[in-house]
Amino acid sequence: MEKVPQMKTSSRPIPWYREINSKQWKTLVAASTGWMLDAMDVTLYAMIIVYIMADLQMTQTTAGLLASLTLLSSAFGGLIFGMIADKKGRTTALMISMIVFALFTALGGFSQTVTQLAIARLIVGLGMGGEWVAGAALITESWPAKHRGKAMGLVQGSWAIGYGLAAVISGLVLPTFGWRGVFFVGIIPALFAIWVRLGTDEPDIWVEKQKENAKATHKEKGSSVGKLFDKKVRRWTILGSALSICAQFGYWGLFTWIPTYLATPVAKGGAGLDLMKQTSWIVIMQVGAWLGYVIFGLLADKIGRRITFILFFALAAILVPLYGFSQDPEKLLLLGPLVAFFGSGYFSGFGAILAELFPTAIRATGQGFCYNFGRAVAASAPFTIGVLANTMGLGVAFSITSVAFGLAALLVLFFLPETKGKELA
């Protein structure tokens with residue numbers, strides 16, 4: 001009897017990216033665009049601090065204070081836009097925040113005094129904080145639980161692109177148009193804001209929650225911020241805020257001043273690189289940061305959030321002093337990508353872990369409060385490093401950030417629960 005040929009079935013698993021639908025990819029593009037342009041606008045200041053100090057006669061302490069003011073106001077921006085995102089929608093909040101930080105970055109280019117520049121940077125911070133929370137809520141609610149870490153890794157990776165783009169813009173624009181021209185380029189994100197709003201749908205889980213609220217006969221009393229301190233979620237609010245403080249103190253204390261460190265003469269404790277070398281070193285460094293963001297997301301979905309956080313924080317704590325005590329250009333070129341990999345990559349975990357700790361009704365508010373409260377306290381980092389640099393030099397001052405990274409690792413080790421694969425409710 002003739003045998004009927006058997007159809008061969010493939011046991012090869014479907015690649016993860018084929019499990020993502022077009023709507024989810026659109027949210028990724030929208031959030032990534034916002035993140036990249038946010039990073040670009042905020043980082044433009046770090047790229048041109050040296051030139052602003054010379055023109056407006058600022059000390060390192062004052063320059064650090066302005067950077068700290070931007071971070072401080074971003075905490076309020078995160079809180080305000082978190083509530084807007086919970087009430088009016090994630091994409092609406094994302095669009096408005098992009099317009100705010102783009103417009104006032106450009107207006108900063110008209111500043112004639114330190115006070116005028118400080119006001120512009122304060123308002124930039126409001127949009128900066130709002131963009132993070134709106135984008136994080138959009139992605140974490142749109143993507144499936146098992147790929148949430150990957151999505152946040154890809155989105156966070158766009159921050160490194162924006163940071164590198166800021167270095168390229170300053171390198172190209174600064175020689176011809178000065179630091180004011182660099183700020184004027186910051187208006188570009190406003191052109192993308194309307195596209196983000198019109199081309200991106202709200203997450204289904206948020207839409208359903210809005211329908212439930214509309215049908216309800218009465219609404220729960222109390223503000224969404226107040227609910228963050230209800231008994232059920234209070235411990236996550238405290239833990240998320242503490243972890244954010246340590247992580248962001250380390251990051252902003254280090255990366256706000258690295259461009260200045262690279263440009264400062266060796267005799268004054270810096271690396272003494274010229275403008276083109278400084279730009280190249282920073283771009284290469286941000287390649288390492290991009291890989292850190294993406295690989296953190298992949299590892300967080302594979303081996304868990306906790307162990308990945310601990311790995312990145314611990315190695316950042318070890319590498320930062322090695323970088324700060326080296327003034328040799330070749331060593332800085334080699335160490336830079338590693339410092340950026342471990343000293344930045346952990347940010348990919350914040351959106352996912354905070355989303356998995358808070359319920360939908362207060363998710364954006366919870367994410368915005370924890371992340372940006374941490375940013376508010378960590379706003380002291382650029383100022384602190386600037387003060388210390390006046391007496392001991394920037395390289396040595398960087399070492400204080402390694403303490404913050406070490407504390408972050410301990411918080412994760414002893415207090416953070418594992419939430420890998422948790423479905424949102």
Determine whether more than 12 heavy atoms belonging to other residues, nucleotides or ligands lie under 6.0 Å from atom NZ of Lys146. no
If we ignore hydrogens and angles and just use 3.5 Å, is the side chain of Gln286 paired with the main-chain N or O of Leu165 as donor and acceptor? no
Heavy-atom donor-acceptor pair, Ser402 side chain to Ser399 backbone, under 3.5 Å: yes
Near-ring test Phe312/Phe296, centroid separation under 6.0 angstrom: yes
Note, Val124 side chain near Asp41 side chain (heavy atom, < 4.5 Å): no
What distance separates Leu254 CG from Ile400 CD1, expressed to the nearest 0.5 Å? 12.5 Å
For Trp257 together with Trp252, are the ring centres under 6.0 Å from each other? no
So, for Leu154 and Ser32, which heavy atoms are closest and what is the spacing to 0.1 Å? O-OG, 4.2 Å
Arg305 with Glu356: basic N within carboxylate O range, under 4.0 Å: yes
According to the interplanar angle, ranging from 0 to 90°, do the rings of Trp143 and Trp25 count as parallel (below 30°), tilted (30 to 60°) or perpendicular (above 60°)? perpendicular
Picking from Tyr293, Phe313, Phe341, what satisfies ring pair (Phe, Tyr, Trp, His ring centres under 6.0 Å) with Tyr346? Phe313
Please confirm whether the backbone N or O of Gly345 pairs with a side-chain atom of Gln156, one donor and one acceptor, at under 3.5 Å? no
Taking the side chain as everything from C-beta on, heavy atoms only, tell me whether Glu131 gets closer than 4.5 Å to Phe101. yes
Answer yes or no: is there a donor N or O on one side and an acceptor on the other, between the side chain of Ser111 and the main chain of Gly108, under 3.5 Å? yes
Met58 and Leu66: CA distance, side-chain angles, deciding distance, side chain to side chain contact (heavy atoms under 4.5 Å, CB included) verdict: CA-CA 10 Å; Met58 292 194 305; Leu66 260 63; 4.2 Å; yes
Side chain to side chain, Tyr45 and Thr70, heavy atoms closer than 4.5 Å: no
Report yes or no: does Ser97 contribute a side-chain atom to a donor-acceptor pair with the main-chain N or O of Leu94 at less than 3.5 Å? yes
Do the ring centers of Phe398 and Phe255 come within less than 6.0 Å of each other? no
From CG (Leu72) to CG (Leu122), nearest 0.5 Å: 7.5 Å
Looking only at heavy atoms, the pair that brings Leu69 and Ala118 closest together is CD1-CB, 4.3 Å
The test is side chain to side chain contact (heavy atoms under 4.5 Å, CB included); show your working for Ile385 and Thr401 and say whether it passes. CA-CA 9 Å; Ile385 299 301; Thr401 65; 4.3 Å; yes
Donor-acceptor contact present, side-chain Asn21 to main-chain Lys23, <3.5 Å: yes
Interatomic distance, Asp204 atom CG to Glu141 atom CD [nearest 0.5 angstrom]: 10.0 Å
Rounding to 0.5 Å, atoms OG1 (Thr105) and CE (Met128) come to a distance of 10.5 Å
Report yes or no: does Gln24 contribute a side-chain atom to a donor-acceptor pair with the main-chain N or O of Ser142 at less than 3.5 Å? yes
For atom CZ of Phe184, decide whether the heavy atoms of other residues, nucleotides or ligands shown that lie under 6.0 angstrom number more than 12. yes
Output the distance between atom CD1 (Ile318) and atom CG (Leu338), rounded to the nearest 0.5 Å. 12.0 Å
Taking atom types as modelled, is there a side-chain donor on Glu202 or Trp206 under 3.5 Å from an acceptor on the other? no
Indicate yes or no: at least one non-hydrogen side-chain atom of Phe358 is less than 4.5 angstrom from one of Lys227. no
Are Trp290 and Tyr163 packed together at the side-chain level, in the sense that at least one heavy-atom pair is separated by less than 4.5 angstrom? no
For the pair Trp159 and Asp38, evaluate side chain to side chain contact (heavy atoms under 4.5 Å, CB included) and give the outcome as yes or no after the intermediate values. CA-CA 8 Å; Trp159 181 275; Asp38 186 358; 4.1 Å; yes
Would you please indicate yes or no on a ring centroid separation below 6.0 angstrom for Phe405 and Phe342? no
Does the side chain of Glu19 reach to within under 4.5 Å of the side chain of Pro144, using non-hydrogen atoms? no
CG-CG distance between Leu311 and Leu299, expressed to the nearest 0.5 angstrom: 7.5 Å
With distance as the sole test, does Arg306 use its side chain to make a donor-acceptor pair with the main-chain N or O of Val412 at under 3.5 Å? yes
Output yes when a side-chain donor or acceptor of Thr256 lies under 3.5 Å from a complementary backbone atom of Pro382, and no otherwise. no
Of all the heavy-atom pairs spanning Ala193 and Ile99, show the shortest one and how long it is. CB-CG1, 3.6 Å
Looking only at heavy atoms, what is the nearest atom pair of Leu138 and Ala30, with distance? CD2-CB, 4.4 Å
Taking the side chain as every heavy atom from C-beta outward, state whether Leu411 and Cys246 have any pair of such atoms under 4.5 Å apart. yes
Backbone N or O of Leu357 within a donor-acceptor pair of the Arg363 side chain at under 3.5 Å? no
Check: Thr237/Arg234 side-chain N/O donor and acceptor closer than 3.5 Å: no
Exercise: identify the closest heavy-atom pair between Pro189 and Met98: O-CE, 3.8 Å
Kindly determine whether Leu332 and Met285 satisfy side chain to side chain contact (heavy atoms under 4.5 Å, CB included), including the steps that lead there. CA-CA 9 Å; Leu332 291 172; Met285 196 174 195; over 6 Å; no
Taking every heavy atom of Thr365 against every heavy atom of Gly82, the minimum-distance pair comes out as OG1-O, 3.7 Å
Is Tyr51 close to Leu174 at the side-chain level, that is, under 4.5 Å between some pair of heavy atoms? yes
